[in-house]
Amino acid sequence: MIVWINGAFGAGKTSAARELIELIPNSTLFDPEVIGGTLPYLLPPKRLDEVNDYQDLPIWRRLVIDTAAALHAEVGGVLVVPMTLLRQEYRDEIFGGLAARRISIHHVLLAPDETILRERISGRPVPPEPDGELRVRQWAFDHVEPYRAARADWIDRDAHVVDTSVLTPFETAECLAEAVRNGAAPVCDIVQTPEPTAETLAAGVLLFDEQDRVLLVDPTYKAGWEFPGGVVEPGEAPVRAGVREVAEETGIQLTGTPPLLVADWEPPNPPGYGGMRFLFDGGRLDSGAVRMLLPGPELRDWRFVTEQEAADLLPAVRYERLRWALRARERGATLYLEAGVPLRG
């Protein structure tokens with residue numbers, strides 16, 4: 001398993017992590033800062049200059065997932081990971097990727113009083129080079145407000161919060177170890193969907209409100225908006241997979257057999273393997289009843305959207321699939337697509 005120690009820059013995550021590995025048997029420290037340190041050797045300067053924070057680089061997030069998983073496979077036991085995560089979509093991507101590898105995560109937040117946090121930042125040693133003050137201390141100060149906003153938005157709901165205002169690093173580690181042991185810091189409730197190793201079948205279901213707006217959902221286990229649906233299990237019919245996934249994600253029980261709108265072959269796009277994607281018409285729902293059910297346990301958010309609104313929320317390939325599914329629904333026909341483009345005889 002992983003104990004992920006979140007918190008503002010300067011909250012004492014690394015100090016507590018070093019103490020924690022002494023308290024938890026068979027535990028190893030993994031600091032993702034080392035991934036950031038390797039990026040200047042991997043990426044051209046022009047790419048690095050495009051972002052202000054290496055967490056905004058997809059390669060950093062993927063390397064954190066892959067390195068943590070590889071290290072866990074190598075040493076086993078418990079990984080203790082001190083790393084600030086303020087953007088929920090990055091939390092979803094990283095935690096979801098680790099959960100897909102069957103690695104459970106206990107998410108904890110070190111939360112000293114802000115006055116104390118600022119005092120700690122002011123007292124942090126800085127590198128002797130000319131830009132050390134700006135690069136280290138000012139960086140931490142600049143992230144206090146985003147940290148405060150993230151706490152108000154999502155972190156406090158997701159993590160086990162420990163007020164470390166008057167705690168030493170050792171006392172903090174004792175609190176964390178006890179919280180993991182007694183279940184106060186439970187395993188994150190995130191779907192463990194294994195990453196594909198070959199082409200997959202996936203089935204989605206379009207659900208509509210009285211205004212013919214389509215339902216999109218924001219899963220907790222991956223970044224971005226989606227249709228309700230998921231991967232077809234071995235031996236399972238795609239339409240049954242779509243109905244099952246709708247029930248699991250939203251609690252909505254569909255009756256009958258939803259008609260097929262589009263079958264779309266998604267070509268491989270490394271590291272993805274592609275495969276067949278089906279979209280079915282789940283029909284109109286009573287929006288009042290839907291609001292009583294959503295969001296389900298696997299969803300952070302949901303909304304009914306127009307086609308234009310969907311274009312702003314969905315990745316291009318998914319939007320094209322939706323666009324043609326809506327045309328098929330209007331015409332009462334089924335369309336076959338390849339890479340989101342209909343093939344006509």
Side-chain angles (χ1 to χ4, degrees), residues 92 96 99-100 189-196 199-266 275-307 309-311 313-315 317-330 332-337 340:
D92 294 347
D189 183 17
I190 190 165
V191 176
Q192 297 184 339
T193 303
E195 288 197 349
E199 289 188 1
T200 56
L201 293 178
V205 180
L206 301 185
L207 302 168
F208 300 87
D209 67 1
E210 296 90 341
Q211 302 173 50
D212 264 353
R213 297 178 302 176
V214 67
L215 178 68
L216 296 184
V217 295
D218 185 8
T220 58
Y221 52 91
K222 61 180 176 179
W225 290 82
E226 258 284 15
F227 323 113
V231 174
V232 179
E233 295 179 353
E236 185 178 32
V239 68
R240 296 299 154 218
V243 170
R244 171 182 55 77
E245 288 284 349
V246 166
E248 291 176 359
E249 290 184 2
T250 70
I252 297 170
Q253 302 290 335
L254 298 176
T255 59
T257 302
L260 178 65
L261 295 173
V262 298
D264 184 14
W265 179 72
E266 185 176 298
M276 288 300 302
R277 311 290 182 248
F278 300 96
L279 276 182
F280 297 91
D281 184 356
R284 287 193 179 95
L285 302 172
D286 180 337
S287 58
V290 170
R291 287 185 176 88
M292 293 177 63
L293 292 169
L294 293 175
E298 299 180 9
L299 305 179
R300 177 170 58 248
D301 200 1
W302 64 277
R303 64 181 70 170
F304 283 106
V305 299
T306 65
E307 183 176 343
E309 290 169 335
L313 294 174
L314 294 173
V317 64
R318 225 168 280 156
Y319 169 69
E320 285 301 309
R321 195 174 299 144
L322 170 66
R323 186 167 74 89
W324 287 110
L326 295 178
R327 302 293 84 77
R329 185 170 184 258
E330 292 168 357
T334 299
L335 291 176
Y336 171 72
L337 317 178

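Basis for what follows: all heavy atoms, side chains included, without hydrogens, waters or symmetry-related copies.
- Here the closest non-hydrogen pair linking L260 and V262 is CD1-O, 3.3 Å.
- Minimum heavy-atom separation, A310 to L322: CB-CD2, 3.5 Å.
- With sequence neighbours left out, R277 forms a salt bridge (charged side-chain N to carboxylate O under 4.0 Å, His left out) with E266.
- W265 approaches E199 most closely through the heavy-atom pair NE1-OE2, 4.1 Å.
- A search for salt bridge (charged side-chain N to carboxylate O under 4.0 Å, His left out) contacts involving E233 returns R244, not counting sequence neighbours.
- The residues R303 and D218 are annotated as not salt-bridged, no charged nitrogen and carboxylate oxygen being separated by less than 4.0 angstrom.
- Considering only heavy atoms from C-beta on, F227 stays 4.5 Å or farther from E245 through its side chain.
- One N or O on the side chain of E309 and one on the backbone of T306 form a donor-acceptor pair closer than 3.5 Å.
- Between F278 and L261, every side-chain heavy-atom pair lies at or beyond the 4.5 Å cut-off.
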Could you walk me through whether W302 and L216 pass the side-chain contact (heavy atoms from CB on, under 4.5 Å) check?
CA-CA 6 Å; W302 64 277; L216 296 184; over 6 Å; no
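- Inter-residue side-chain proximity for V214 and L207 is flagged as unmet; no heavy-atom pair is nearer than 4.5 Å.
- Between R323 and E307, none of the side-chain N atoms (NZ, or NE/NH1/NH2) sits under 4.0 Å from a carboxylate O, so this pair counts as no salt bridge.
- Put simply, the side chain of V217 reaches to within 4.5 Å of the side chain of P228, judged on heavy atoms.
- Taking OG1 of T250 as the reference point, atom CG of L215 lies at 7.5 Å (rounded to 0.5 Å).
- The minimum heavy-atom distance linking A263 with M276 is given by the pair CB-CE, 3.9 Å.
- For the pair R329 and F208, the cation-pi test (distance below 6.0 Å, angle within 45°) is passed.
- Closest approach of P238 to V232, counting heavy atoms only: CA-CG2, 3.9 Å.
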Would you check, one step at a time, whether the test side-chain contact (heavy atoms from CB on, under 4.5 Å) holds for L285 with I252?
CA-CA 9 Å; L285 302 172; I252 297 170; 3.9 Å; yes
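- Note that CZ of R321 is 10.5 Å distant from CG of L206, once rounded to the nearest 0.5 Å.
- Nearest heavy atom pair, residue D264 against residue G340, reads OD1-N, 3.0 Å.
- Taking the side chain as every heavy atom from C-beta outward, W324 and L279 never approach each other to under 4.5 Å.
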